[in-house]
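In what follows, a structure is listed as structure tokens, so that the remarks can point back to it.
Excluded from the calculations below are hydrogen atoms, water molecules and symmetry mates; all remaining heavy atoms, backbone and side chain alike, are included. First listed ligand is number 1; within each ligand, the first listed atom is number 1.
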Amino acid sequence: MNDEYLKCKEAADYIAERCDCSDAIGLILGTGLGEVGDEIEDPVIIDYSDIPHFPTPTVHSHKGKLICGRLFDKKVLCMQGRSHFYEGHDMKTVVRPVRVMKLLGVKAEIMTNAAGGCNTTYHPGTIMFIEDFINFMGDNPLRGPNIDEFGPRFPDMTLAIDREYTQLGKKAAEDLGIDVKSGVYMGFRGPSFETPGEIRFAQTIGADAVGMSFVPEIITARHCGLRTIGISCITNMAAGISGNELTVEEVNETVEKVGEDFKKLIKEIIRRM
Ligand code: HPA
């Protein structure tokens, strides 16, 4: 059997012995957006570092805890933080948690992230539903022998982002009175922020936001048939737009400011899913 499949299976078996995640809603919480995880009821909390083959984040704003429990009587399996390609893992390792969720029987997934806005009508604090993505990371998590147990060699990406759940999410935002946008996410390798020139290029080819995660995960989720929606928190205007230098402090400050709305929205989406 494929070595990567066996690693995912071992990780999934370890988690399944500790909590029942079948039919749960999966949540991957990005930079500074991990607070929803603190509200999960009857939580079983597992450190990523205890799970066999599970990548452990090296970035401070990513806690590295897996929380299994309930929100509004819905089962949730929440990843507080993720690992990124820029940390040095290969793509297979970065996306392993998505495949583990699939093996655990997770029924749908909400992926969140912090991103830079290159659509000039956005501002720091804008919440964007991801409606499409551009892979500019120079790699693909499905490269190499196909793992047939997960999905086909050439998976479609037209419908990678689940339309029905995205619609449900936008309606939830509208009912809560939270203004949201829809846009295209372009994934860069990082860890350096983009240059102003790269951002002009991104704008030209139709990107509304740029970031360093999401893309490998959504490709993998589509490959294994995991229904997924993506939500970006625009934490800063992308390089060259405001003229200011970009800092991680700005990213973290914005996330903190919109945190409450973001949390409300995620919870309402889970309630309706
Ligand atoms: N670029 C890439 N990733 C990011 C940004 C950005 O401007 N802001 C938050 N994550």
Query raised in the report: Do NZ/NE/NH1/NH2 and the carboxylate oxygens of Asp23 and Lys75 come within less than 4.0 Å?
Result: no

Query raised in the report: With the threshold set at 4.0 Å, does a side-chain nitrogen-carboxylate oxygen contact exist between Asp175 and Arg272?
Result: yes

Query raised in the report: For ligand 1, which atoms sit closer than 4.0 Å to a heavy atom of Asn236?
Result: 5 (C), 6 (C), 7 (O), 8 (N), 9 (C)

Requested in this report: Would you mind checking which non-hydrogen protein atom is closest to atom 3 (N) of ligand 1, with the distance to 0.1 Å?
Outcome: Gly211 CA, 3.4 Å

Query - Joint cluster assignment, Tyr165 & Leu226, ILVMFWY side-chain distance < 4.5 Å - result: no

Query raised in the report: Got a sec, which pairs hit side-chain hydrogen bond (donor to acceptor under 3.5 Å, both in side chains) with one end in residues 41-52, sequence neighbours left out?
Result: Asp47-Lys65

Query raised in the report: Does a salt bridge link Lys263 with Glu35, judged by any charged N lying under 4.0 Å from a carboxylate O?
Result: yes

Report summary line: For Leu246, the ligand 1 atoms with a heavy-atom partner under 4.0 Å come out as 7 (O)

Query raised in the report: Should we say atom CZ of Arg153 is surrounded by more than 12 heavy atoms from elsewhere, each under 6.0 Å from it?
Result: yes

Query raised in the report: Side-chain heavy atoms under 4.5 angstrom apart, residues restricted to Ile, Leu, Val, Met, Phe, Trp, Tyr: same cluster for Leu71 and Ile45?
Result: yes

Requested in this report: Name the closest protein heavy atom to atom 5 (C) of ligand 1, giving the residue it belongs to and the distance to 0.1 Å.
Outcome: Gly116 N, 3.4 Å

**Report entry** Ligand-side contact atoms (ligand 1) for residue partner Glu194, heavy atom cut-off under 4.0 Å
**Finding:** 1 (N), 2 (C), 6 (C), 7 (O)

Query - Interfacing atoms of ligand 1 (cut-off 4.0 Å, heavy-atom, Ala114) - result: 9 (C), 10 (N)

Query raised in the report: Which atoms of ligand 1 are found less than 4.0 Å from any heavy atom of Thr235?
Result: 8 (N), 9 (C)

Query raised in the report: Do any heavy atoms of Phe188 fall under 4.0 Å from ligand 1?
Result: no

**Report entry** ligand 1 versus Ala239: contacting region, heavy-atom distance under 4.0 Å
**Finding:** neither

